[in-house]
Amino acid sequence: MAHAYTPGLKVIPCTVLRKRRVLPIPGKVLASEGQEVGATDVVAQTELPGKVFPVNIANRLSVTPDEIPPFLLKKVGDPVKKGEILAENKPFVKWFKTTVESPISGTVDSVSDITGQMLLREPPKVLPLQSYIKGKVVEVHPNFGVTVETEGTFIQGIFGIGGETNGPIAMAVETPDEELTPEHIKAEHKGKIVIGGKHAGLATIKRAIEAGVHAIVVGGIHDRDLRQILGYDIGVAVTGTEKIGVTLIVTEGFGLIPMAEYTFKLLASRNGENASVSGATQIRAGVMRPEIIVPGYPKDVKECKREEGRGWIEPGDPVRIIREPHFGIIGTVLSLPPELTKCASESHVRVLEVQLADGTKLTVPRANIEVLEK
Amino acid sequence: MENKEPQIIIATDCGSTTTKAILIEKKGDTYRQTFRGEAPTTVEAPFEDVTKGVLNAITEVEELSGRKILDGERIITPAKGDVGVDVYVSTSSAGGGLQMMVAGAVKAMTGESAQRCALGAGAIVMDVLASNDGRADHEKIERIRQLRPDMMLLSGGTDGGTVTHVVELAQFLKAADPKPRLGASYKLPVIYAGNNKAQPQIKEILDDRTALIVTENLRPVLERENLMPARHKIHDIFLEHVMQQAPGYPKLMKMVGAPIMPTPAAVGTMTEKFAKANDYNVLAVDIGGATTDVFSVFTGVFNRTVSANLGMSYSISNVMAEAGLPNLLRWLPFDIDEQDLRNRLKNKMIRPTTIPQTVEELQVEHAVSREALRLAFEQHKALAVGLKGVQQERSISDAFDQTASGQSLISLMHLDYIIGSGGILAHSPRRTQSMMMMIDAYQPEGVTMFAVDSIFMMPHLGVLSQISEKAALDVFYHDCLVRLGTCVAPKGLAKEGANILDWELVPEGGKPVSGTLRFGELLHLPFAESKGKLVLKPAKGFDVGAGPGNSREAKCEGGQVGLILDGRGRPFELPKAHARRIAELNKWYKAMEMYPA
């Protein structure tokens with residue numbers, strides 16, 4: 001049977017997931033193998049070296065760099081407080097005395113008689129690393145972190161902003177093609193993962209931030225609204241560090257696009273349950289998509305899938321067209337002609353035939369479709 | 001190997017997504033590329049071994065050519081009959097290529113020299129630190145800490161000059177304690193190529209915290225750059241440290257018959273060889289999904305820049321952010337709602353493998369491409385400059401024509417050849433589209449020839465040129481370059497419809513054709529012969545390379561597009577009025593038969 005390879009976003013009712021949770025620099029692992037951990041439990045911790053502040057002693061005292069040692073009141077390794085005197089000159093007339101005060105609290109890192117600079121370092125900052133998902137520690141990476149395993153619902157979005165968060169799922173609309181409006185966001189949504197339909201506009205996102213919503217999941221957003229919220233245009237899709245007060249996950253794309261019914265129904269089936277959510281997206285080598293993870297089995301599911309899906313497409317598969325002129329339209333694969341076909345732009349490409357619900361047949365480049373879960 | 005020229009060569013280029021293999025065979029006196037194969041690159045999980053993709057690509061070449069090249073995972077050398085090859089060479093840009101951070105004392109002097117040095121070695125420059133870069137000192141330290149480069153190049157000061165600034169930079173570097181991108185366990189390689197008088201201090205500061213390599217100063221005196229020693233060190237460290245950390249590379253390094261080159265370094269080498277062999281001023285561009293590389297050779301001086309976030313898919317949205325929507329919209333011969341265009345571009349960014357199905361979608365991509373090419377070229381012109389801070393001797397004749405030091409080396413009037421590569425230029429449905437995109441983006445002046453590298457073979461040929469320059473050039477002329485033709489663009493402005501040029505084209509062995517070019521007009525003549533002569537008589541005030549109003553004869557090349565006479569003026573500006581702009585665009589696109597009716 002003809003089939004074609006297609007990448008697809010995963011929307012799986014129940015699967016086995018492993019998350020590698022590691023520190024950026026070595027530290028201490030706080031969880032042990034076999035331990036059950038909650039989403040907000042700290043599994044590893046490290047100290048980030050403090051920020052460094054240079055102070056040009058020579059300039060401030062109007063001496064050459066090699067002349068500074070006798071004027072120093074602090075030596076390498078000494079603790080200093082903000083405002084404390086680091087160096088001072090000793091003039092005959094007291095009025096001409098110059099002192100150099102510390103701009104920060106920390107320690108003296110180094111002093112150079114070539115540049116005349118003293119480097120001060122702020123105290124280290126503790127960096128705790130949370131488990132992010134509820135599950136079991138299945139591997140310990142010494143000095144760096146752990147791998148946590150869980151079984152549950154796994155849904156990938158196409159694009160997101162904002163970092164990791166968690167909270168109970170709250171369905172705010174009735175259908176996947178309903179707009180998520182500011183009126184849908186209620187006080188009770190504070191700390192929750194709010195699920196909308198085809199779109200959330202600027203006012204809705206602002207309302208969600210005000211209400212303390214942890215995350216919004218919708219089918220589409222307008223790029224113009226995204227620019228308004230962030231204050232800049234996203235140039236390259238590497239996100240996850242934005243701090244706008246809410247994590248935003250788009251499941252379908254930019255524009256008004258109803259959320260895929262399968263995704264919507266699956267989320268609805270886990271309404272009220274705790275989910276872990278991340279908006280981090282990276283569309284380059286090492287692709288990363290935003291995700292929603294709901295640990296535990298959904299109703300009517302007794303066993304979780306271990307396989308990754310078949311990774312190709314066959315006639316009968318439901319697909320979504322992901323490029324103009326039919327962007328967002330959903331249909332079923334009718335056939336996969338093997339020969340190259342000339343499309344309207346005159347490119348010669350591999351195509352497939354898609355049948356829509358009303359019987360219309362469309363011919364679309366294979367690169368312009370995405371397979372949907374049945 | 002020195003005594004015997006290789007007869008059969010296999011070359012691969014390991015890109016981020018695809019590994020491409022080509023087979024080159026000597027047929028009579030000439031080397032030709034005969035078969036090619038490709039396979040997905042296998043640097044990432046689950047394979048994590050680049051050689052798997054290499055072997056798959058070579059297997060495809062084996063199947064197509066009938067030549068047995070592999071014995072298990074070993075490449076059979078030398079060639080005997082239908083078995084084996086004489087040499088295997090490879091380039092690599094997998095895993096994000098070579099990422100560097102550079103530092104110099106003064107941004108416009110040693111900072112710029114260090115940047116040129118790293119770019120020329122094929123690196124992506126993540127940031128340029130300098131004592132006077134406008135950032136507070138603690139911000140510089142934070143920046144060093146945040147970025148995790150593959151290696152760092154530290155320069156500063158002329159030999160014997162002041163040591164303070166470069167020592168200060170070294171101290172910041174030490175305080176930041178930077179970590180390399182790959183492999184948390186090894187020390188970050190730092191190349192010191194600054195003031196030789198500061199070497200002892202630099203060693204004292206950095207020796208224990210970093211893997212310090214000291215080499216010759218890249219700017220020994222203000223008047224001269226000495227980039228090669230530091231470039232060689234970058235290449236050595238790329239092979240010894242960076243590649244050793246990448247999955248499967250230690251194995252690949254044992255397979256090759258010449259050192260692996262970073263892909264852009266190989267393309268640069270090939271551009272230089274081509275320019276030198278023909279005595280041309282050359283501009284080469286490779287526009288990819290994420291980045292755009294620009295290479296130029298002007299009066300023998302090579303420069304390379306990489307615009308890390310200008311590209312046609314992953315970075316498409318950044319082109320919009322940098323160029324601004326009005327600049328994209330100006331190339332479209334139809335109306336489109338701003339919100340619609342924004343959403344379309346973002347959708348391409350998040351689904352980068354989709355392709356334009358309609359003419360309208362194609363035109364949107366071509367508009368983006370023009371702006372990406374233009375912006376990358378602007379960045380290139382800013383870096384491909386003469387040395388700054390150099391004292392100039394002036395005579396009284398310079399009194400009215402004083403130029404500052406550090407002028408761009410790029411002169412559009414003296415540019416002879418433009419080579420385009422990358423999907424949007426190499427695979428456009430019509431070749432006229434590729435040529436016009438480059439003409440609109442670069443606005444060449446006078447007489448300029450165009451070609452595309454249709455299957456991006458320049459990396460393979462660049463690395464091959466280390467072993468056999470003849471083989472590399474033979475394949476470059478015969479199999480790599482697809483000649484598009486020549487563009488004639490008189491420099492100057494006039495009223496719409498005014499005669500600006502009398503021209504005559506004399507194709508080698510063909511019938512001469514002649515005519516007049518009017519201002520605002522775009523003429524297209526089929527001209528397929530590989531060589532020809534142009535006789536150009538510009539109107540008063542218009543320049544085609546011999547000065548305003550002066551006639552000129554010039555060599556030219558025909559190709560798949562032919563001759564384009566561009567009477568739109570230089571500097572070229574699109575009409576400001578909306579309706580007129582659309583009418584003009586449609587007129588030009590029609591004249592060039594760019595799109596289906």
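Chain naming here is simple, since letters A, B, ... match the order of the sequence lines and numbering starts at 1 in each. Just so you know, these numbers come straight off a predicted model, no measurement behind them.
A salt bridge does not link Glu593(B) to Arg430(B): none of the charged nitrogens lies less than 4.0 Å from a carboxylate oxygen. Between Lys10(A) and Glu291(A) there is no salt bridge, since no side-chain nitrogen of the basic residue lies less than 4.0 Å from a carboxylate oxygen of the acidic one. Using a 4.0 Å cut-off between a side-chain N of Lys or Arg and a carboxylate O of Asp or Glu, Arg344(B) and Glu365(B) do not qualify as a salt bridge.
Remark: His165(B) NE2 is loosely packed, at most 12 non-hydrogen atoms of other residues, nucleotides or ligands lying under 6.0 Å away. Heavy-atom neighbours of Glu204(B) CD from other residues, nucleotides or ligands within 6.0 Å: at or below the threshold of 12.
For Val351(A), no part lies near chain B; criterion is any non-hydrogen pair under 4.5 Å. Interface remark: Pro596(B) contributes backbone and side-chain atoms alike to the contact with chain A (heavy atom separation under 4.5 Å). Heavy atoms of Arg323(A) lying under 4.5 Å from chain B belong exclusively to its side chain. The parts of Glu324(A) that come within reach of chain B are both its backbone and its side chain, each placing non-hydrogen atoms under 4.5 angstrom from that chain. In this structure, chain A has heavy atoms under 4.5 Å from both the backbone and the side chain of Arg342(B). Contact annotation for Leu362(B): only side-chain heavy atoms (C-beta onward) come within less than 4.5 Å of a heavy atom of chain A. In this structure, the portion of Thr363(A) lying under 4.5 Å from any heavy atom of chain B is its backbone and not its side chain. At a 4.5 Å heavy-atom cutoff, Ser110(A) makes no contact with chain B through either its backbone or its side chain. The contact between Asn368(A) and chain B is made by backbone and side chain atoms together, counting heavy-atom distances below 4.5 Å. Both the backbone and the side chain of Glu361(B) come within less than 4.5 Å of a heavy atom of chain A. Residue Leu119(A) touches chain B through its side chain alone, counting heavy-atom pairs closer than 4.5 Å. When heavy atoms are compared at a cutoff of 4.5 Å, Tyr232(A) does not approach chain B at all.
Between Gly235(A) and Ser317(B) the shortest heavy-atom distance is O-CB, 3.4 Å. Nearest heavy-atom pair, Leu226(A) versus Ile221(A), reported as atom, atom and distance to 0.1 Å: CD1-CD1, 4.1 Å. Contact record, Ala367(A) with Ile355(B): CB-CG1, 4.1 Å, taken as the closest heavy-atom pair.
Chain B forms more heavy-atom pairs under 4.5 Å with one residue of Lys342(A), His326(A), Glu252(A), His348(A) than with any other, namely Glu252(A). When each of Ile350(B), Asp137(B), Asn318(B), Val167(B) is scored by its heavy-atom pairs under 4.5 Å with chain A, the top score falls to Ile350(B). Comparing Glu338(B), Gln201(B), Glu142(B) by how many heavy-atom pairs each has under 4.5 Å with chain A, the most go to Glu142(B).
Partners of Phe159(A) according to the ring-ring contact (aromatic ring centres under 6.0 Å, His included) rule, which considers only residues two or more places apart in sequence or in another chain, are Phe254(A).
Side-chain atoms of Arg289(A) and Gln156(A) form no donor-acceptor pair, as typed in the model, at a separation below 3.5 Å. A side-chain donor-acceptor contact under 3.5 Å links Tyr595(B) and His366(B). For the 3.5 Å distance criterion, the side chains of Thr41(B) and Thr19(B) qualify, holding a donor opposite an acceptor.
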### Message
Go through it in stages, so that I can follow the logic: the residues are Met118(A) and Ser112(A), the test is side chain to side chain contact (heavy atoms under 4.5 Å, CB included), and I'd like the CA-CA distance, side-chain angles, deciding distance and then a yes or no.
### Response
CA-CA 7 Å; Met118(A) 179 184 272; Ser112(A) 167; over 6 Å; no

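Within residues 321-328 of chain B, the residues approaching chain A closer than 4.5 Å by heavy atoms are, in numerical order, Ala321(B).
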